[in-house]
Number of protein chains: 2
Amino acid sequence: MALKIRKNRAKNPPPTCAVGTCMQVLGKAWTPNVIWYLSAGPRRFGELRHDMPQISAKMLSERLRDLESKGVVERCVVPSSPPSAEYGLTELGLELMPAIEAIVAVGKRLKERMGQAAEAA
Amino acid sequence: MALKIRKNRAKNPPPTCAVGTCMQVLGKAWTPNVIWYLSAGPRRFGELRHDMPQISAKMLSERLRDLESKGVVERCVVPSSPPSAEYGLTELGLELMPAIEAIVAVGKRLKERMGQAAEAA
DNA sequence: CAGGATCCAATTCGATACTG
DNA sequence: CAGTATCGAATTGGATCCTG
């Protein structure tokens with residue numbers, strides 16, 4: 001019988017109310033954590049890894065580049081010896097803080113309430 | 001803007017955050033939308049589908065069962081003829097609202113700011 | 001140490017079809 | 001209408017190795 005080619009999937013870009021717009025930024029693993037740890041001020045790659053012991057180098061650099069390309073995070077090279085880079089929130093990034101804070105607050109309540117699994121970072 | 005004014009990096013990283021706990025609930029596709037649309041009051045399956053025209057029946061019922069199993073959403077059978085079911089937020093679900101609202105608020109700002117893709121509601 | 005490249009198992013989610 | 005079952009494409013994110 002003939003080869004059956006599947007119809008192309010619609011693959012709609014994220015959905016309906018404005019949550020999609022925000023979740024496109026915050027929705028991936030570790031993203032809110034990264035933003036959270038940057039919220040106190042610029043931080044270096046290794047510091048962030050230390051903040052989140054479970055994250056892999058790949059994940060972290062991937063997320064940082066994602067966020068940079070979205071204008072949420074800014075990478076600045078610090079002239080030192082050896083020169084190193086620091087990551088910080090942009091203004092756009094700062095605008096996300098209320099949401100992150102709300103997420104953190106609810107997360108804490110959920111954790112108490114459910115008395116559940118430990119989380120690193 | 002040239003180089004960002006580099007403030008001293010954070011000496012005191014924020015304490016462990018509970019982001020993961022919350023994102024485990026909100027992190028999957030459509031979840032915040034579903035909660036959002038339930039926040040105005042109980043709603044039936046078909047109504048929710050209508051609220052989110054892009055969601056598939058499978059997704060919706062999957063998300064509803066997820067949320068039910070997490071105690072966020074409650075399914076109650078309404079005695080009518082024929083009897084039908086309604087979904088509503090539990091108290092735990094209501095506790096998530098501040099986060100959802102913050103996400104929606106930021107989403108709207110992002111949309112304005114980026115002047116991007118259209119989204120309804 | 002900071003980060004990229006590659007490989008791969010697991011999950012996610014859309015389309016489709018089916019049931020009461 | 002209200003939902004479930006199955007299939008499979010695409011995405012995810014972890015592990016590992018490689019680089020300057």
Side-chain angles (χ1 to χ4, degrees), chain A residues 1 3-16 19-20 23-34 37-38 42-69 73-88 119-121, chain B residues 9 19-20 23-34 37-38 42-70 73-88:
Chain A
M1 63 179 179
L3 189 54
K4 180 167 179 184
I5 311 277
R6 277 235 159 263
K7 194 72 199 272
N8 57 323
R9 29 209 30 264
K11 194 227 174 210
N12 310 322
T16 38
V19 287
M23 294 310 276
Q24 245 171 319
V25 177
L26 300 185
K28 296 183 167 193
W30 296 104
T31 304
N33 302 70
V34 170
Y37 283 110
L38 288 179
R43 238 162 146 60
R44 285 175 306 166
F45 194 87
E47 289 176 315
L48 288 170
R49 285 205 75 177
H50 182 260
D51 292 336
M52 300 169 282
Q54 318 273 4
I55 201 176
S56 71
K58 176 196 166 187
M59 254 299 104
L60 180 52
S61 83
E62 204 168 282
R63 282 303 92 98
L64 285 170
R65 270 179 297 136
D66 284 355
L67 291 173
E68 207 188 334
S69 81
V73 158
E74 194 172 40
R75 174 200 163 110
C76 12
V77 174
V78 182
S80 61
S81 47
S84 73
E86 281 184 354
Y87 299 89
E119 191 195 5
Chain B
R9 279 176 297 113
V19 171
M23 294 313 274
Q24 238 166 293
V25 178
L26 300 186
K28 297 179 164 194
W30 295 104
T31 304
N33 297 276
V34 170
Y37 284 112
L38 287 178
R43 232 154 153 64
R44 285 174 307 171
F45 193 89
E47 289 175 316
L48 288 169
R49 286 206 73 178
H50 182 260
D51 292 336
M52 300 169 281
Q54 317 271 2
I55 201 177
S56 72
K58 176 195 167 186
M59 254 300 106
L60 180 52
S61 83
E62 205 169 280
R63 283 303 93 97
L64 285 170
R65 272 180 295 136
D66 285 355
L67 292 173
E68 207 187 336
S69 81
K70 284 172 179 151
V73 157
E74 194 173 41
R75 176 201 162 108
C76 13
V77 174
V78 180
S80 60
S81 47
S84 74
E86 279 185 352
Y87 299 89

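Predicted, not measured: the structure shown is a model, and the values here were computed from it. A note on names: the letters A, B, ... follow the listed sequences, proteins ahead of strands, and every chain is numbered from 1.
Protein atom OH of B:Tyr87 is 12 Å distant from nucleotide atom C1' of D:dC1, rounded to whole Å. The separation between B:Arg49 atom CZ and D:dT4 atom C1' is 13 Å, rounded to whole Å. Regarding A:Glu47, its CD atom lies at a distance of 8 Å from the P atom of C:dA2, rounded to whole Å. If you take CE of A:Met23 and C1' of C:dT12, they are 15 Å apart, rounded to a whole angstrom. Between B:Ile55 atom CD1 and C:dA15 atom C1' there is a gap of 14 Å when expressed in whole angstrom units. Distance CD (B:Glu86) to C1' (D:dG3): 16 Å, rounded to an integer number of Å. Between the CD atom of A:Gln54 and the C1' atom of D:dA15 there is a distance of 14 Å, given to the nearest Å. Spacing between atom CD of B:Gln24 and atom P of C:dT11 amounts to 13 Å, rounded to whole angstrom units.
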Enumerate all atom pairs, one protein N or O and one N or O from nucleotides 17-20 of chain D, separated by less than 3.5 Å.
none

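Nearer the 5' end of DNA chain D, as judged by each residue's closest nucleotide, is the contact made by B:Arg44, out of A:Arg63 and B:Arg44. Where B:Glu62 and A:Glu62 each meet DNA chain D at their nearest nucleotide, the meeting point lying more 5' is that of B:Glu62.
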B:Val34/B:Met52 under side-chain contact (heavy atoms from CB on, under 4.5 Å): CA gap, chis, key distance, verdict: CA-CA 8 Å; B:Val34 170; B:Met52 300 169 281; 3.9 Å; yes
Using the side-chain contact (heavy atoms from CB on, under 4.5 Å) rule, take A:Leu67 and A:Val25 through it: C-alpha gap first, then chi angles, then the decisive distance, then the call. CA-CA 8 Å; A:Leu67 291 173; A:Val25 177; 4.3 Å; yes
Between B:Leu38 and B:Leu48, does a side-chain contact (heavy atoms from CB on, under 4.5 Å) hold up when you go through it step by step? CA-CA 8 Å; B:Leu38 287 178; B:Leu48 288 169; 4.0 Å; yes
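Nearest approach of A:Trp30 to A:Arg63, heavy atoms of both residues: CB-CG, 4.4 Å.
Between B:Lys28 and C:dT12, a side-chain N or O to OP1/OP2 separation shorter than 4.0 Å is present. When the side-chain nitrogen and oxygen atoms of A:Arg65 are compared with OP1 and OP2 of C:dG4, one or more of them lie within a distance under 4.0 Å. B:Ser61 has a side-chain polar atom (N or O) that falls below the 4.0 Å cut-off from OP1 or OP2 of D:dT4.
Every salt bridge (Lys or Arg N to Asp or Glu O under 4.0 Å) that A:Arg44 has, sequence neighbours left out, goes to A:Glu47.
Distance CZ/B:Phe45 to CZ/B:Arg75: 10.0 Å, rounded to 0.5 Å. Atoms CG and CE, from B:Asp66 and B:Met59 in turn, are 8.0 Å apart once rounded to the nearest 0.5 Å.
Residue B:Met59 has its side chain nearest to C:dC13 when only C:dG3, D:dA2, C:dC13 are considered.
The base of D:dG13 is paired with the side chain of A:Lys58 by a donor and an acceptor separated by under 3.5 Å.
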